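Notes follow once the structure below has been shown.
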There are 2 protein chains.
Amino acid sequence: MDIRRQVGMNVARIRREQGLSQEELAFRSGLHRTYISGVERGIRNPTITVIQEIASALVVDVAILVASTKQNSKYSGIRY
Amino acid sequence: MDIRRQVGMNVARIRREQGLSQEELAFRSGLHRTYISGVERGIRNPTITVIQEIASALVVDVAILVASTKQNSKYSGIRY
DNA sequence: TTGTGACTCTTAGTCCGTG
DNA sequence: TCACGGACTAAGAGTCACA
């Protein structure tokens with residue numbers, strides 16, 4: 001599983017859970033709307049600082065964004 | 001707390017726990033030794049794919065490398 | 001509201017060294 | 001064994017018009 005797709009799926013899922021548009025997330029994270037789009041689709045290869053900014057805008061830990069879907073599909077199963 | 005330092009401390013700590021040199025980790029991860037050095041010191045801004053390669057070489061999950069564990073700050077009294 | 005190609009500018013990442 | 005620097009090439013950051 002490509003880590004970029006994994007991060008993208010997590011960002012998109014959490015963003016939707018919070019009822020945000022890509023544009024709103026872009027504004028909150030200080031990134032461009034099309035860049036957020038690229039990250040969510042897994043075609044961008046973001047640096048750790050960018051991921052940090054997105055995580056901050058979503059008010060979640062960076063570890064949540066890089067976690068495999070299998071682990072965080074149900075929060076109950078997470079082991080740290 | 002700078003996420004880059006956080007990742008750097010985690011990489012350095014886990015690498016030492018496994019008794020590996022920077023050069024050995026560089027070889028296993030397919031990255032350059034000077035780059036590993038920079039990541040550990042927090043002066044590099046690695047992409048998510050690079051972090052995954054390092055995580056793979058250390059046989060840990062990516063989430064472990066980005067985790068902000070309070071244990072790290074007082075680990076061995078290291079000053080950064 | 002989001003996807004996409006095509007950019008420019010900046011930095012990620014390599015390779016040569018030294019102390 | 002590692003920190004650190006200079007110079008370099010590949011790739012990411014960041015933006016836009018348009019679909």
Side-chain angles (χ1 to χ4, degrees), chain A residues 1-60 62-66 69, chain B residues 1-60 62-66 72-80:
Chain A
M1 182 58 173
D2 186 353
I3 185 69
R4 292 173 303 175
R5 291 191 80 90
Q6 196 64 253
V7 170
M9 289 169 56
N10 288 331
V11 170
R13 178 176 50 78
I14 296 171
R15 174 178 63 77
R16 292 197 199 99
E17 283 175 1
Q18 299 186 9
L20 299 174
S21 66
Q22 287 183 347
E23 187 134 11
E24 285 170 338
L25 175 57
F27 177 75
R28 294 189 187 190
S29 59
L31 297 166
H32 200 272
R33 177 187 69 77
T34 58
Y35 188 73
I36 295 292
S37 171
V39 169
E40 288 193 358
R41 284 176 292 132
I43 64 173
R44 292 282 189 162
N45 188 17
T47 58
I48 190 60
T49 53
V50 164
I51 294 175
Q52 160 92 307
E53 286 162 5
I54 296 174
S56 180
L58 290 172
V59 199
V60 295
V62 175
I64 298 296
L65 297 187
V66 300
T69 316
Chain B
M1 179 54 174
D2 187 351
I3 185 69
R4 292 174 303 176
R5 281 194 177 180
Q6 194 64 254
V7 170
M9 288 190 296
N10 287 332
V11 170
R13 175 176 51 80
I14 296 171
R15 176 178 63 77
R16 293 195 198 101
E17 284 174 1
Q18 298 186 8
L20 300 175
S21 66
Q22 287 182 346
E23 188 131 14
E24 183 66 28
L25 175 57
F27 177 75
R28 294 190 186 189
S29 59
L31 296 165
H32 202 268
R33 61 179 176 80
T34 59
Y35 190 69
I36 294 292
S37 171
V39 169
E40 288 193 357
R41 283 178 290 136
I43 63 173
R44 289 291 187 161
N45 188 18
T47 59
I48 190 59
T49 53
V50 160
I51 292 175
Q52 183 179 44
E53 284 162 6
I54 295 174
S56 179
L58 291 172
V59 198
V60 295
V62 175
I64 299 296
L65 295 187
V66 300
N72 290 341
S73 58
K74 50 180 177 182
Y75 177 77
S76 301
I78 292 177
R79 290 288 179 275
Y80 288 94

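Proteins come first, then strands; the chains are lettered A, B, ... in the order of their sequence lines, and each starts at number 1. Everything numeric in this text was worked out from a predicted model, so none of it was measured.
Ionic pairing of Glu24(A) and Arg28(A) is not present here: no N-O contact between side-chain nitrogen and carboxylate oxygen is shorter than 4.0 angstrom.
Residue Arg15(B) is classed as a sugar-phosphate contact, given heavy-atom separations below 4.0 Å to backbone atoms only. Across all strands, Ile43(A) comes closer than 4.0 Å to no nucleic acid atom at all (heavy-atom distances). When heavy atoms are screened at a 4.0 angstrom cut-off, Arg4(A) is found touching no nucleic acid atom at all.
Looking only at atom types and distance, the side chain of Arg41(B) has a donor-acceptor partner in the side chain of Ser37(B) under 3.5 Å away.
Taking 4.0 angstrom as the limit, Thr34(A) places none of its side-chain polar atoms (N or O) nearer than this to OP1 or OP2 of dT15(D). Applying the 4.0 Å criterion to OP1 and OP2 of dG3(C), one finds that Ser37(A) has a side-chain N or O inside that range. Between Asn45(B) and dT11(C) there is no side-chain polar atom (N or O) within less than 4.0 angstrom of OP1 or OP2.
Closest to the Gln22(A) side chain, of the nucleotides dG14(D), dT2(C), dT14(C), is dT2(C). When each of dG13(C), dT1(C), dT15(D) is scored by its nearest atom to the side-chain atoms of Val50(B), the top-ranked nucleotide is dG13(C).
Between Ile51(A) atom CD1 and dA13(D) atom C1' the separation is 13 Å, expressed in whole Å. In this structure, CD of Glu40(B) is placed 8 Å from P of dC2(D), rounded to the nearest angstrom. Following rounding to the nearest Å, Leu31(A) (CG) and dG12(D) (P) show an atom-to-atom distance of 16 Å. In this entry the distance linking CD of Glu24(A) with C1' of dT2(C) reads 13 Å, nearest Å. Summarising the geometry, the separation between OH on Tyr35(A) and P on dC16(D) is reported as 16 Å, rounded to the nearest angstrom. For the pair His32(A) NE2 and dG3(C) P, the interatomic distance rounds to 14 Å; values are reported in whole Å. Put simply, CZ on Arg41(B) is 14 Å from P on dA12(C), counting in whole angstrom units.
Figure legend. dT1(D) is base-paired to no nucleotide; pairs are counted as Watson-Crick or G-U wobble with both atom distances under 3.5 Å.
Between the side chain of Arg33(B) and the base of dG13(C), no donor-acceptor pair under 3.5 Å is found. Interface remark: the Arg44(A) side chain does form a donor-acceptor pair with the dG14(D) base, using a distance-only criterion of under 3.5 Å.
Counting non-hydrogen atoms of other residues, nucleotides and ligands closer than 6.0 Å to CD of Glu23(B) gives a total of 12 or fewer.
Side-chain atoms of Glu53(B) never come within 3.5 Å of backbone atoms of Leu31(B) as a donor-acceptor pair (strictly under, hydrogens ignored).
Each of Ser21(B) and Thr49(B) lies near DNA chain D, and the nucleotide nearest Ser21(B) is the one positioned closer to the 5' end.
Considering every non-hydrogen atom in both Leu25(B) and Arg15(B), the closest pair reads CD2-CD, 3.7 Å.
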